[in-house]
Amino acid sequence: MSIQSQIIQLIKRLTREHGTSVMLVTHDMGVIAETADRVAVMYAGRIVEIGRWPTSSTARGIPTRSG
């Protein structure tokens, strides 16, 4: 199990135990898929969509930064 996976599991456990939420800022779609209930999609520095994961932006193909 990777360090990233261990941290994600810890965050999920702590939020569940304490009844809190966490805001993660990431470009890593794997982290988003593993942790998110709701997602705010940003493009050119502005929020263009907020919704449940997966969002319709993932289907629309809003350009993302690669590399």
Side-chain angles (χ1 to χ4, degrees):
M1 179 181 279
S2 71
I3 297 296
Q4 177 176 311
S5 295
Q6 292 175 39
I7 291 169
I8 289 170
Q9 292 305 314
L10 176 62
I11 290 169
K12 289 168 83 173
R13 182 176 60 82
L14 290 172
T15 57
R16 188 175 50 252
E17 288 175 2
H18 295 280
T20 60
S21 59
V22 173
M23 181 173 67
L24 298 174
V25 179
T26 183
H27 288 270
D28 188 327
M29 298 301 273
V31 170
I32 294 168
E34 178 68 25
T35 61
D37 294 320
R38 293 176 41 89
V39 176
V41 177
M42 295 184 73
Y43 180 69
R46 298 192 185 274
I47 294 176
V48 295
E49 182 174 353
I50 297 175
R52 309 271 314 152
W53 175 259
T55 68
S56 60
S57 294
T58 57
R60 273 201 321 264
I62 287 179
T64 59
R65 203 172 158 188
S66 61

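Index from 1, following the sequence.
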Listed partners of [X] passing side-chain hydrogen bond (donor to acceptor under 3.5 Å, both in side chains), at least two apart:
| X | result |
| --- | --- |
| Arg16 | none |
| Gln6 | none |
| Thr15 | none |

Go through the steps to decide whether Asp37 and Arg52 satisfy the test side chain to side chain contact (heavy atoms under 4.5 Å, CB included), and finish with yes or no. CA-CA 6 Å; Asp37 294 320; Arg52 309 271 314 152; 4.2 Å; yes
Salt bridge (charged side-chain N to carboxylate O under 4.0 Å, His left out): pairs with one or both residues in residues 19-35, sequence neighbours excluded: Lys12-Glu34
Shared hydrophobic cluster, Ile11 / Val39 (ILVMFWY, side-chain heavy atoms < 4.5 Å): no
Please determine whether residues Val22 and Ile50 belong to a single hydrophobic cluster, defined as Ile, Leu, Val, Met, Phe, Trp and Tyr linked transitively by side-chain heavy-atom distances below 4.5 Å. no
Arg46: salt bridge (charged side-chain N to carboxylate O under 4.0 Å, His left out) partners, not counting sequence neighbours: none
Which Ile, Leu, Val, Met, Phe, Trp or Tyr residues join [X] in one cluster when any pair of side-chain heavy atoms under 4.5 Å counts as a link?
| X | answer |
| --- | --- |
| Leu10 | Leu14 |
| Met23 | none |
| Val25 | none |

Just how far is it from atom OG1 of Thr35 to atom CG of Leu24, taken to the nearest 0.5 Å? 5.0 Å
For Ser2, side-chain contact (heavy atoms from CB on, under 4.5 Å) partners two or more places apart: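 Scan of Ser2 (side-chain contact (heavy atoms from CB on, under 4.5 Å), adjacent residues dropped) gives Gln4, Ser5.
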